[in-house]
Amino acid sequence: MRYCRFQLNGVRRYGLVEELHGVEFITRAVESAPNSANAFDGAQPLDIPLGEVRLLAPIQPSKIVCIGRNYREHAKELNHPIPTEPLFFLKPPSSVIGPGDDVRRPNHLSQRVDYEGELGVVISKSCYRLEDSDDVRPYILGYTCVNDVTARDLQNKDGQWSRAKGFDTFCPVGPFVVDGLDPWKGVRVESRLNSELRQNGTTVDFLFPLDVLMRFISQVMTLEPGDVIATGTPAGVGPMQSGDTVEVTVEGIGTLRNPVVNIEQ
Ligand code: MG
């Protein structure tokens, strides 16, 4: 299953995306957020070329739970200690933008705004206090690309990260939600700035695998359908300037591409 959220003629829906003869089409659409792989069963067949719609963020989460320092080399590059248990923080739903939307640098408040390419995990059903014996896979609807945009100077200054990570437009997500990936076996995560490769990691290098993360988070808060876990970023983070284009590519999903502008020109 691969789906998007799209706008066509002023109407917003979720669309099943399939490739036919080398062209991508939306072949079925539903109004409410999918929560299982058969969410599109029974919907009217369509053949809308993907190029004719405006893609939106494929999720409308109640929260975005982000993992800090889940790759050893990234913790080292920021001179942070290797964590002994998962470290997580939240980004607000108001930070979410879709493919092609502008990342707006708050240049009146921050001099350094970084990209962080990450694998995003989309939750299928409510989970709270998962136990060691629980299989986490039934709680995963699929995977997407996330850019955990960060005002690095404010992150260092504030000591906690709500401001640095929480600006509007600081959470590009998309373009699709895809099932069938296996982060335990390794999924490649790459970031490019103006087409130049800057991050190139694989999820086999997670310090804490996805099942550990989900159990850890769910001891604290209920993960709801449509919530996203951003699983941490590999080494190679760096700053973005107005006029740049940033891309996050996750193997098996596609590329999330966003232009960067300054709020105040
Ligand atoms: Mg991050």
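We count ligands from 1, going down the list as the structure has it; atoms in each ligand are counted the same way. Small disclaimer: the values here were computed from a predicted structure and weren't measured.
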For this session: Please name the atom of Asp148, restricted to N, O or S, that is closest to the Mg ion (ligand 1).
Result: OD2

Exercise. How is the N/O/S atom of Glu118 that comes nearest to the Mg ion (ligand 1) named?
Worked result: OE2

For this session: Would you tell me whether Ser162 and Gln160 have side-chain atoms, one donor and one acceptor, within less than 3.5 Å of each other?
Result: yes

Exercise. With a 4.5 Å limit on heavy-atom distance, are the side chains of Pro259 and Val103 in contact?
Worked result: no

For this session: Find, among atoms of Glu116 that are N, O or S, the one nearest to the Mg ion (ligand 1), and state its name.
Result: OE1

Problem set entry | Minimum heavy-atom distance between Ala43 and Ala29, given as atom pair plus value | CB-O, 3.6 Å

Problem set entry | Close aromatic pair by centroid cut-off 6.0 Å: Phe176 and Tyr3 | no

